[in-house]
Amino acid sequence: MAKLLKKPLKLALVQLASGADKAANLAHARTKVLEAAAKGANIVVLPECFNSPYGTKFFPKYAETLLPSPPTKEQSPSYHALSEIAKEAKAYLVGGSIPEYAEDTKKYYNTSLTFDPQGNILATHRKVHLFDIDIPGKITFRESEVLSPGNKVTIVDLPEYGKVAIAICYDVRFPELAMIAARKGCFLLLYPGAFNLTTGALHWELQARARAVDNQVYVGLCSPARDMTAEYNAWGHSVVVDPNAEILSQLDEKEGIAYADLDGARIEEVRKGIPIYTQRRFEVYPDVSEGKVKYEE
Ligand SMILES: NC(=O)CCC(=O)C(=O)O
């Protein structure tokens with residue numbers, strides 16, 4: 001079997017503390033990404049809505065236009081800042097997510113941009129599963145009041161390392177997306193996310209470990225730092241899990257950077273020990289990675 005992860009790498013999840021000032025958030029993101037790169041990180045990840053508060057009323061106010069690509073600096077200051085930061089850091093940068101307004105569809109999306117170490121855009125992922133939940137007395141949230149969903153699985157091929165899947169927060173709850181990505185050869189699933197104090201305590205770590213153990217791949221969930229003065233209180237606890245569902249690195253709720261060294265040999269070792277990869281029974285149930293899967297939009 002070809003190596004899923006061609007050479008070892010250092011992953012960094014930046015659990016960013018951000019506020020209402022977009023320019024300040026972008027400047028702070030730059031400082032923290034450069035800090036991670038100085039520690040040797042090859043892939044750096046930012047959180048969901050890293051340059052704005054998270055909430056339906058904030059999405060239109062902070063939205064940027066990304067298409068046609070590349071946007072101008074006026075259309076998307078975040079696109080240009082992320083591209084510059086990736087170049088300066090000489091690292092792959094998964095730019096969390098930002099609210100996007102698309103001129104063609106006249107709709108808003110929750111969108112993640114990934115750049116290579118030269119600052120070129122590699123991938124765009126619009127959150128596929130919108131966060132619409134209602135737990136009486138705890139939390140009611142409806143992204144769909146403002147946002148529209150994306151319609152594709154996002155896999156990015158990093159030439160020197162291999163394939164990585166990018167999705168956003170609530171997307172982690174849908175094992176099909178992770179399974180498709182893993183079966184298409186990804187060694188790592190990355191989710192910029194912002195769980196809350198109710199569901200974070202219940203499911204954040206569980207979801208990360210579940211996607212890892214189901215698929216025997218590395219998983220990273222990157223949250224904003226918790227801000228109890230904000231309207232939405234993020235769970236924090238950014239976490240990197242290995243292909244055996246063991247936690248390699250996890251933060252508390254404060255700002256910080258979670259680092260982990262990823263190695264393809266670990267994936268092979270885990271898959272050799274528990275060979276579910278060769279034991280699947282597609283004559284009994286379907287292979288979700290085959291058939292109609294959308295990669296392009
Ligand atoms: N931003 C989100 O998608 C939140 C998802 C979440 O909290 C969950 O429990 O799922």
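Counting starts at 1 for both ligands and their atoms, in listed order. The first residue in the sequence is number 1, and the count goes up from there.
In this structure, Trp204 does not count as a contact residue of ligand 1, since none of its heavy atoms falls inside 4.0 Å of the ligand. In this structure, Tyr191 does not count as a contact residue of ligand 1, since none of its heavy atoms falls inside 4.0 Å of the ligand.
At a threshold of 4.0 Å, the pair Arg280-Asp287 does not count as salt-bridged, since none of the basic side-chain nitrogens sits closer than that to a carboxylate oxygen. Using a 4.0 Å cut-off between charged side-chain N and carboxylate O, Arg266 and Glu269 make a salt bridge.
Of all the heavy atoms of Phe131, the ones lying under 4.0 Å from any atom of ligand 1 belong exclusively to the side chain. For Trp235, no heavy-atom contact with ligand 1 is shorter than 4.0 Å.
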Item to check | Glu64 vs Asn51, side-chain contact (heavy atoms from CB on, under 4.5 Å): CA-CA, chis, key distance, verdict | outcome: CA-CA 11 Å; Glu64 302 182 14; Asn51 70 7; 3.9 Å; yes
Checklist entry - So Glu100 and Tyr79, side chain to side chain donor-acceptor pair (under 3.5 Å) or not? Walk me through it. => result CA-CA 11 Å; Glu100 175 196 1; Tyr79 177 105; over 6 Å; no
Next on the checklist: Between Tyr54 and Glu143, does the side chain to side chain donor-acceptor pair (under 3.5 Å) criterion hold? Intermediate values first, please.
Outcome noted: CA-CA 10 Å; Tyr54 178 72; Glu143 278 191 321; 2.9 Å; yes
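Those atoms of ligand 1 that come under 4.0 Å of a heavy atom in Ala194, given as number and element, are 1 (N), 2 (C), 4 (C). The ligand atoms of ligand 1 that sit less than 4.0 angstrom from a heavy atom of Lys127 are 1 (N), 2 (C), 3 (O). Of all atoms in ligand 1, listed by their number and element, those nearer than 4.0 Å to a heavy atom of Asn196 are 7 (O). Heavy-atom proximity to Tyr232, at under 4.0 Å, picks out these atoms of ligand 1: 4 (C), 7 (O). Close approach of ligand 1 to Thr199 is summarised as follows: ligand atoms under 4.0 Å from at least one heavy atom of the residue are 6 (C), 7 (O), 8 (C), 9 (O). Close contacts between ligand 1 and Cys169 involve ligand atoms 1 (N), 2 (C), 3 (O), 4 (C), 5 (C) [criterion: under 4.0 Å to a heavy atom].
Thr140 contributes no side-chain N or O that, together with a main-chain N or O of Pro136, makes up a donor-acceptor pair within less than 3.5 Å.
Shortest non-hydrogen contact noted between Pro71 and Ser76 is CG-CB, 3.7 Å. When all heavy atoms are compared, the tightest approach of Val270 to Pro243 is CG1-O, 3.5 Å.
The nearest non-hydrogen atom to atom 10 (O) of ligand 1, considering only His129, Glu48, Arg173, comes from Arg173.
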